[in-house]
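So you know, we letter chains A, B, ... as the sequences are listed, proteins then strands, and number each from 1. What you see is a predicted model; the values in this text were computed from it and never measured.
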There are 2 protein chains.
Amino acid sequence: MGRMPTVDDVALAAQVSRQTVSNVINSPEIVRETTRQRVQEAIDRLGYRPHASARRLRTRKSSTIGVRLDPLRDGISGAVLDRFVHKLAEQADARDLRVMIFTADGHADELAHIRRLRDGSDVDAFVLIGTDHGDSRIAWLVENRVPFVSFGRPWGAETPDPHHRWVDVDGRAGVRDAVQHLRANGAGRVAWIGWPSPSGTGDERRAGWEESCGLEGADRITLAVATEDGVSEGRRAAAALLELPEPPDAIVCASDSLALGATMAAQAAGLARLPIVGFDNTPVAAAVGLSSIEQPLDEVVAAALTLLFGEHGDDVRPNPDSDEEPGHRLLVPRLVERRSSHLALDGNPGA
Amino acid sequence: MGRMPTVDDVALAAQVSRQTVSNVINSPEIVRETTRQRVQEAIDRLGYRPHASARRLRTRKSSTIGVRLDPLRDGISGAVLDRFVHKLAEQADARDLRVMIFTADGHADELAHIRRLRDGSDVDAFVLIGTDHGDSRIAWLVENRVPFVSFGRPWGAETPDPHHRWVDVDGRAGVRDAVQHLRANGAGRVAWIGWPSPSGTGDERRAGWEESCGLEGADRITLAVATEDGVSEGRRAAAALLELPEPPDAIVCASDSLALGATMAAQAAGLARLPIVGFDNTPVAAAVGLSSIEQPLDEVVAAALTLLFGEHGDDVRPNPDSDEEPGHRLLVPRLVERRSSHLALDGNPGA
DNA sequence: TCGTTCATTTTGAACGTTCGAATTATTCGG
DNA sequence: CCGAATAATTCGAACGTTCAAAATGAACGA
């Protein structure tokens with residue numbers, strides 16, 4: 001197999017000029033229909049494909065998005081981000097965009113990578129997964145005019161930077177809905193197991209519980225537990241809750257890991273039917289039949305791409321200025337209910 | 001901020017020619033030390049970065065690997081492949097390679113993507129994750145001289161294609177070790193829950209059980225169950241096993257999903273201490289304290305890259321010819337033991 | 001018939017890099 | 001201090017594409 005055919009080969013075969021071939025590919029509407037067909041036929045016959053690098057060199061854009069894969073987590077929760085990346089790849093493909101991944105060790109390293117990829121014109125725009133309190137990357141990216149969007153709000157920014165585009169999921173609303181649902185179904189005392197403050201995401205989710213739990217006084221304190229993420233942490237926290245003089249009759253957790261632990265604790269305490277709700281609707285939750293709050297990742301990804309590239313195109317928009325349309329989207333999660341809200345160890349597998 | 005500096009800018013600033021700048025970057029050893037420093041200083045000062053696309057256009061290689069992300073699985077097992085991709089990104093970075101991801105719907109679609117990426121010179125080499133029985137992609141890739149390596153053996157190929165490079169994990173050995181371990185610890189009757197045949201991976205793993213279970217006659221049949229992957233499937237299968245007149249006193253499963261289900265069944269049957277071993281050592285296994293057979297993904301990735309690019313470089317090697325060094329690697333997994341081999345619902349969380 | 005306008009196609013240059021050959025600088029033996 | 005050998009550097013071209021501008025052709029009204 002010789003070398004790949006180029007525009008010139010096609011041009012020769014179709015008896016037209018280079019540029020016409022280029023036009024057939026990039027702006028077919030400006031070329032006469034009969035010519036178009038002739039050229040297209042030659043393209044198909046020769047199996048011509050544009051050389052992406054040559055095109056990028058000339059047009060000075062790569063149609064490629066960069067994403068940093070988070071460090072591997074031992075926990076269960078990593079799966080959400082993997083699903084995000086997956087959907088990003090899918091939807092990017094639909095827009096004729098490519099996705100390049102990289103890993104990095106800390107924010108500084110991530111920025112170094114971003115810089116390399118961008119300066120080399122490998123990548124046009126970046127997607128940041130997860131944002132911290134006062135995230136140092138954001139300022140740098142805005143400062144250096146790197147087009148990007150983050151999945152995560154700018155936590156703790158006094159004045160939100162108008163150049164910062166972001167998408168996030170309204171965890172507060174999600175938790176609120178879950179709590180209200182539990183209360184509507186008869187749970188008077190819904191407890192909360194979350195993460196220690198400050199944690200942007202965690203604090204929001206907890207706020208959702210606070211504004212809907214309907215508890216007063218000491219209960220508001222006692223029934224809200226903060227612990228690191230993890231199954232055994234969740235278990236321990238739930239065990240403590242269940243030993244209270246007035247134990248809760250439902251628990252909402254900030255993550256599926258915590259919820260799984262809580263489920264075990266409930267099980268151990270002989271409270272197999274205690275309603276428990278997790279967050280993220282990970283495969284584990286599905287596997288063990290745990291109710292969970294699901295993030296609408298499809299919408300998140302779609303919104304992120306729209307913010308970056310507009311409704312349909314694949315041209316990167318520069319970071320927005322203050323007077324533009326809102327540079328962010330806040331999406332609402334939904335509760336996925338499962339039959340029992342617990343491990344379903346009741347010895348009745350079939351039905 | 002104006003345009004990015006180019007080799008010419010650096011050349012001007014350092015009082016040398018374009019080509020010398022290029023040499024400083026690509027073959028520093030052939031340029032005189034004093035010159036090198038002068039040029040390097042100019043590079044640093046101007047913040048010059050080579051334009052990746054221009055370089056690729058000229059050198060006709062992209063230093064980029066393509067990977068298809070598997071369709072999202074609902075199950076627990078997807079995590080292994082995500083970890084694989086993650087490690088691939090890490091190790092590729094160390095070799096100055098980039099990783100581009102894409103999704104595809106079926107083999108034909110995958111090949112179409114590969115073709116586009118390759119013809120456009122976007123990607124030099126591909127990594128196939130998972131191989132089927134008589135995988136149609138392999139023949140095509142070899143036929144079209146696309147450099148690739150697969151994580152997965154060429155199942156069911158009469159004559160293994162010498163042009164096909166692959167890495168795989170010896171599931172048979174892994175299961176064998178696990179079974180032997182269980183037997184050494186006193187389990188006389190170790191059962192197997194696996195997948196329906198034919199399934200390359202599944203059949204291998206089952207073979208590991210067969211050659212080490214030490215069972216004869218009817219037991220060999222009765223104590224081996226085949227079922228689709230999934231938690232409830234595992235649960236059902238295990239429940240059936242435990243209702244046998246002579247139930248097993250340990251179970252090894254072809255996946256963590258099955259093992260989790262089996263654990264639930266054991267729990268329900270009041271056999272909380274029944275030793276159960278899963279496969280893949282997914283986060284769930286870690287979370288619920290389930291023993292599991294772990295694939296050495298670091299080594300898998302390292303081997304894959306070595307097969308593709310040689311020991312250190314980033315030059316793709318063409319698909320090997322028959323007379324070369326072996327074009328494949330078979331790695332051995334290891335058993336990760338966890339305290340109880342089950343959900344640890346024994347009411348003793350702390351200790 | 002001629003000039004005008006619009007649609008269509010072609011031409012030359014440029015994007016930033018590296019290859020290969022050619023040129024110049026340096027070293028070394030005698 | 002000369003000439004040969006080798007080290008170091010430079011020059012011109014090429015990679016395959018698209019941009020901007022120029023050229024051609026067709027259609028139309030006067």
Side-chain angles (χ1 to χ4, degrees), chain A residues 2-40 42-43 46-64 96 116 118-122 124 314-315, chain B residues 2-40 42-43 46-64 96 116 118-122 124 314-315:
Chain A
R3 65 184 226 304
M4 296 294 297
T6 73
V7 261
D8 284 303
D9 298 320
V10 177
L12 196 64
Q15 315 258 47
V16 293
S17 73
R18 224 171 359 175
Q19 182 62 37
T20 300
V21 177
S22 174
N23 287 337
V24 167
I25 294 170
N26 299 300
S27 346
E29 69 282 3
I30 73 166
V31 56
R32 191 199 316 224
E33 180 57 18
T34 58
T35 318
R36 218 213 80 242
Q37 288 180 3
R38 184 154 38 95
V39 172
Q40 188 58 55
I43 289 178
L46 300 183
Y48 165 78
R49 306 290 185 120
H51 190 290
S53 292
R55 170 181 280 173
R56 297 213 263 261
L57 170 59
R58 181 65 237 217
T59 60
R60 330 194 100 275
K61 62 175 213 189
S62 65
S63 300
T64 301
D96 258 308
R116 243 199 0 221
R118 184 186 142 80
D119 289 353
S121 234
D122 259 316
D124 285 338
D314 61 349
D315 283 317
Chain B
R3 67 185 223 302
M4 295 295 296
T6 73
V7 263
D8 284 302
D9 298 320
V10 177
L12 195 66
Q15 315 256 47
V16 293
S17 73
R18 220 175 8 199
Q19 183 62 39
T20 300
V21 177
S22 173
N23 288 336
V24 167
I25 294 169
N26 300 301
S27 352
E29 69 282 2
I30 73 165
V31 51
R32 192 198 316 222
E33 179 58 18
T34 58
T35 318
R36 218 213 82 241
Q37 288 179 3
R38 185 154 37 95
V39 173
Q40 187 59 54
I43 289 179
L46 299 183
Y48 165 78
R49 306 289 186 118
H51 191 288
S53 292
R55 170 180 281 172
R56 296 213 263 261
L57 170 59
R58 183 63 237 221
T59 60
R60 330 195 100 272
K61 63 175 213 188
S62 64
S63 300
T64 301
D96 258 310
R116 238 193 9 214
R118 183 186 142 79
D119 290 351
S121 231
D122 260 318
D124 285 337
D314 61 347
D315 283 317

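What you find for A:Leu57 and B:Ala54 is that their closest heavy atoms are CD1-CB, 3.7 Å. Summarising the geometry of A:Val21 relative to A:Val16, their closest heavy-atom pair is CG2-CG2, 3.9 Å, with the distance given to 0.1 Å. Heavy atoms only, all atoms of each residue included: B:Val24 and B:Gln40 are closest at CG1-OE1, 3.9 Å. The two residues B:Tyr48 and B:Ile25 come nearest to each other via the heavy atoms CE2-CD1, 3.4 Å. The two residues B:Ser62 and B:Ser121 come nearest to each other via the heavy atoms CB-O, 3.5 Å.
Residues passing the salt bridge (charged side-chain N to carboxylate O under 4.0 Å, His left out) test with A:Asp124: none are found, sequence neighbours excluded. The side-chain hydrogen bond (donor to acceptor under 3.5 Å, both in side chains) search around A:Arg18 returns none, not counting sequence neighbours. Partners of A:Arg49 under the salt bridge (charged side-chain N to carboxylate O under 4.0 Å, His left out) rule, at least two apart in sequence or in another chain, are B:Asp119.
Salt bridge B:Arg56/A:Asp122: present, at least one basic N to carboxylate O contact under 4.0 Å.
Within the 4.0 angstrom heavy-atom criterion, base atoms lie near B:Val7. Looking at heavy-atom distances under 4.0 Å, B:Thr6 makes contact with sugar-phosphate atoms alone, never a base.
A distance of 13.5 Å separates CG of A:Asn23 from CZ of A:Arg32, quoted to the nearest 0.5 Å.
Remark: A:Thr20 is not in phosphate contact with C:dT9, judged by side-chain N or O atoms under 4.0 Å from OP1 or OP2. Between D:dT18 and A:Ser22, a contact under 4.0 Å exists linking OP1 or OP2 to a side-chain N or O.
One atom, CZ of A:Arg36, and another, P of C:dA7, lie 19 Å apart when rounded to the nearest Å. In this structure, B:Glu33 places its CD atom 15 Å from C1' of D:dA7, rounding to the nearest Å. For the pair B:Leu46 CG and C:dG16 P, the interatomic distance rounds to 14 Å; values are reported in whole Å. B:Met4 has its CE atom 10 Å from the P atom of C:dG16, to the nearest Å. Rounded to whole Å, atom P of D:dT10 lies 10 Å from atom CG of B:Asn23. Distance CD1 (B:Ile30) to P (D:dT6): 17 Å, rounded to an integer number of Å.
The stretch residues 49-62 of chain B touches DNA chain D through B:Leu57, B:Arg58, B:Arg60, each having a heavy atom within less than 4.0 Å of the strand. Of the residues in residues 11-19 of chain B, those placing a heavy atom less than 4.0 Å from an atom of DNA chain D are B:Val16, B:Ser17, B:Arg18, B:Gln19, in numerical order.
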Distances under 3.5 Å between protein N/O atoms and the N/O atoms of nucleotides 21-26 of chain C, please, pair by pair.
none

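The main-chain N or O of A:Val31 is never found under 3.5 Å from a side-chain atom of A:Arg36 such that the two would form a donor-acceptor pair.
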